[in-house]
Visitor: 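After the structure tokens below, expect a handful of questions from me.
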Number of protein chains: 2
Amino acid sequence: MQNYAQLTEELKARSIKPSLQRLLLLNYMHTCHTHPTVEQIYADLAAQGHALSKATVYNTLTLFVQKGLLRVVNLDRSEARYDVLACDHGHFVCECCGAIYDEPIDFDKLNLIFPEAGSVNQRDLFYRGVCKRCLSKE
Amino acid sequence: MQNYAQLTEELKARSIKPSLQRLLLLNYMHTCHTHPTVEQIYADLAAQGHALSKATVYNTLTLFVQKGLLRVVNLDRSEARYDVLACDHGHFVCECCGAIYDEPIDFDKLNLIFPEAGSVNQRDLFYRGVCKRCLSKE
DNA sequence: TTATTGTTTAGAACGATTCTAAGTTAAATC
DNA sequence: GATTTAACTTAGAATCGTTCTAAACAATAA
């Protein structure tokens with residue numbers, strides 16, 4: 001595991017006790033730049049010899065989301081995906097192959113104000129379509 | 001049911017055979033300006049004396065989405081919500097009471113281009129936070 | 001009428017997620 | 001160091017939204 005001390009600090013800063021399982025998961029999410037599902041995370045960690053229980057994967061990811069370390073990406077109805085919270089970015093999802101692409105965006109350009117909104121905590125943007133690779137295959 | 005002929009035309013225009021169940025559902029979605037779940041739709045129609053089977057509600061909504069009459073809104077992991085396709089609008093979701101508010105938006109202002117995107121078919125935007133009503137209650 | 005095709009239906013099956021209750025670890029107190 | 005306490009992890013059961021299946025039904029064509 002890389003940056004053990006740094007990961008520990010990151011957890012402590014959010015008042016999360018740095019157990020081995022939590023450090024493994026946080027490390028995984030930091031090094032993985034896709035948008036993995038629980039199943040993928042569970043399988044990858046198991047393949048690396050870290051057999052956490054699936055319940056722990058669920059519990060920990062939920063905790064991280066609550067504490068603001070990750071966010072859930074609801075691309076479709078099937079499985080939740082998890083995303084490290086970097087700078088604001090939008091997602092493009094290929095309806096054909098399922099690939100996900102990120103692109104930084106500046107929400108402020110929209111000048112979007114919801115009169116009913118008291119406070120805004122999160123902003124998500126999704127484009128859906130067909131990626132160039134799939135389009136060229138047809 | 002209102003505008004029987006008009007609803008029939010709307011279905012035929014998308015080459016959907018206008019069965020009674022489909023007309024009922026389309027009519028419901030046109031008159032309902034919330035973002036209902038399958039359960040809500042099913043219960044409301046039953047209360048109006050139209051007891052479609054739940055399978056038909058699922059099948060028909062899926063068909064309407066495929067044919068471009070509705071879109072699915074994946075606010076969270078629990079239940080899918082359905083939305084009539086009007087002009088582009090964003091959603092604000094209150095994390096406290098679950099209320100959903102719409103606001104028209106112009107995506108073009110973002111100047112957002114995904115280099116990997118061949119074609120874009122749908123654009124969704126979600127803000128999450130606490131609505132004014134909930135904020136004032138705290 | 002007899003096929004043929006499409007639609008609806010109830011209930012079973014599925015699968016992602018949550019719950020439960022027991023086991024384990026780690027810190028706190030004596 | 002032993003004992004209590006609280007927090008964390010775990011396997012498996014339970015839940016629940018959704019999909020599947022196979023039969024019934026309706027509409028149309030031959």
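Heavy atoms only: backbone and side chains are in, while hydrogens, waters and symmetry mates are out. Lettering of chains follows the sequences in order, A, B, ..., and the numbering in each one begins at 1.
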Visitor: Classify the angle between the aromatic ring planes of B/His89 and B/His35 as parallel (below 30°), tilted (30 to 60°) or perpendicular (above 60°).
Guide: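 Answer is tilted, since the angle falls between 30° and 60°.
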Visitor: When the distance from CZ of B/Arg77 to P of D/dG17 is rounded to whole Å, what number comes out?
Guide: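 These atoms are roughly 13 Å apart.
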Visitor: May I have the distance from B/Gln40 (atom CD) to D/dT18 (atom C1'), rounded to whole angstrom?
Guide: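 Spelled out: CD on B/Gln40 to C1' on D/dT18 is 16 Å.
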Visitor: Rounded to the Å, how far apart are A/His50 NE2 and D/dT10 P?
Guide: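 Going from A/His50 (NE2) to D/dT10 (P), I get 13 Å.
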Visitor: What is the nucleic acid contact for A/Ser78, judged by heavy atoms within less than 4.0 Å: base, sugar-phosphate only, or nothing?
Guide: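 If one applies the 4.0 Å heavy-atom cut-off, A/Ser78 turns out to touch the sugar-phosphate alone, with no base involved.
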Visitor: Following the transitive rule for hydrophobic clusters with a side-chain heavy-atom cut-off under 4.5 Å over Ile, Leu, Val, Met, Phe, Trp and Tyr, establish whether B/Val73 and A/Val72 coincide in one cluster.
Guide: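 Per the 4.5 Å side-chain linkage, B/Val73 and A/Val72 are not co-clustered.
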Visitor: Expressed as a whole number of angstroms, how long is the span from A/Glu79:CD to D/dT18:P?
Guide: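 That distance rounds to 15 Å.
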Visitor: For the helix from C/dT1-D/dA30 to C/dC30-D/dG1, figure out the bend between the end axes, five pairs an end, and round to 10 degrees.
Guide: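 One end's axis against the other's: 10°.
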Visitor: Can you tell me how far SG of B/Cys94 sits from CG of A/Asn121, rounded to the nearest 0.5 angstrom?
Guide: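 With rounding to 0.5 Å, CG (A/Asn121) is 9.5 Å from SG (B/Cys94).
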Visitor: For each nucleotide in nucleotides 6-12 of chain C, reading 5' to 3', give B when a protein heavy atom comes within less than 4.0 Å of its base, S when such contact involves only the sugar-phosphate, and - otherwise.
Guide: SSSBB--
Visitor: For a 4.5 angstrom cut-off between non-hydrogen side-chain atoms, does B/Leu125 reach A/Arg123?
Guide: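 Sidechains of A/Arg123 and B/Leu125: no contact.
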Visitor: Taking the inter-plane angle between the rings of B/Phe114 and A/Phe92 on a 0 to 90° scale, is it parallel (under 30°), tilted (30 to 60°) or perpendicular (over 60°)?
Guide: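 Rings of B/Phe114 and A/Phe92: tilted, as their planes differ by 30° to 60°.
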Visitor: Tell me whether B/Leu52 is reachable from B/Val65 by hopping between hydrophobic residues (I, L, V, M, F, W, Y) whose side-chain heavy atoms are closer than 4.5 Å.
Guide: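 Both belong to a single hydrophobic cluster.
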Visitor: May I ask you to evaluate whether A/Tyr58 reaches the phosphate of C/dT18, defined as a side-chain N or O under 4.0 Å from OP1 or OP2?
Guide: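 Indeed not, no polar side-chain atom of A/Tyr58 lies that close.
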Visitor: To the nearest Å, give me how far apart CG (B/Asp76) and C1' (C/dA16) are.
Guide: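 After rounding, the gap between these two atoms is 14 Å.
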Visitor: What is the distance, to the nearest angstrom, from the CG atom on B/Leu61 to the C1' atom on D/dT19?
Guide: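 Between C1' of D/dT19 and CG of B/Leu61: 14 Å.
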Visitor: Mind calculating the distance between OH (A/Tyr82) and P (C/dA16) to the nearest angstrom?
Guide: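 The distance from OH of A/Tyr82 to P of C/dA16 comes to 13 Å, rounded to the nearest Å.
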Visitor: Calculate the interatomic distance between B/Asn74 atom CG and C/dT17 atom P; express it in whole Å.
Guide: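 For the pair B/Asn74 CG and C/dT17 P, the rounded distance is 12 Å.
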Visitor: Between the main-chain N or O of B/Asp76 and the side-chain N or O of B/Asn74, is there a donor-acceptor pair closer than 3.5 Å?
Guide: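 No, because the side chain of B/Asn74 does not come within donor-acceptor range (under 3.5 Å) of the backbone of B/Asp76.
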Visitor: Tabulate below the donor-acceptor pairs under 3.5 Å that side-chain atoms of residues 54-61 of chain A make, not counting sequence neighbours, or state none.
Guide:
residue: A/Lys54; atom: NZ; partner: A/Glu39; partner atom: OE1; Å: 3.2
residue: A/Lys54; atom: NZ; partner: A/Glu39; partner atom: OE2; Å: 3.0
residue: A/Thr56; atom: OG1; partner: A/Ser53; partner atom: OG; Å: 3.1
residue: A/Asn59; atom: ND2; partner: A/Ala55; partner atom: O; Å: 3.3
residue: A/Thr60; atom: OG1; partner: A/Thr56; partner atom: O; Å: 2.7

Visitor: Which heavy atom of A/Leu23 sits nearest a heavy atom of A/Pro18, and at what distance?
Guide: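 The answer is CD1-O, 3.8 Å.
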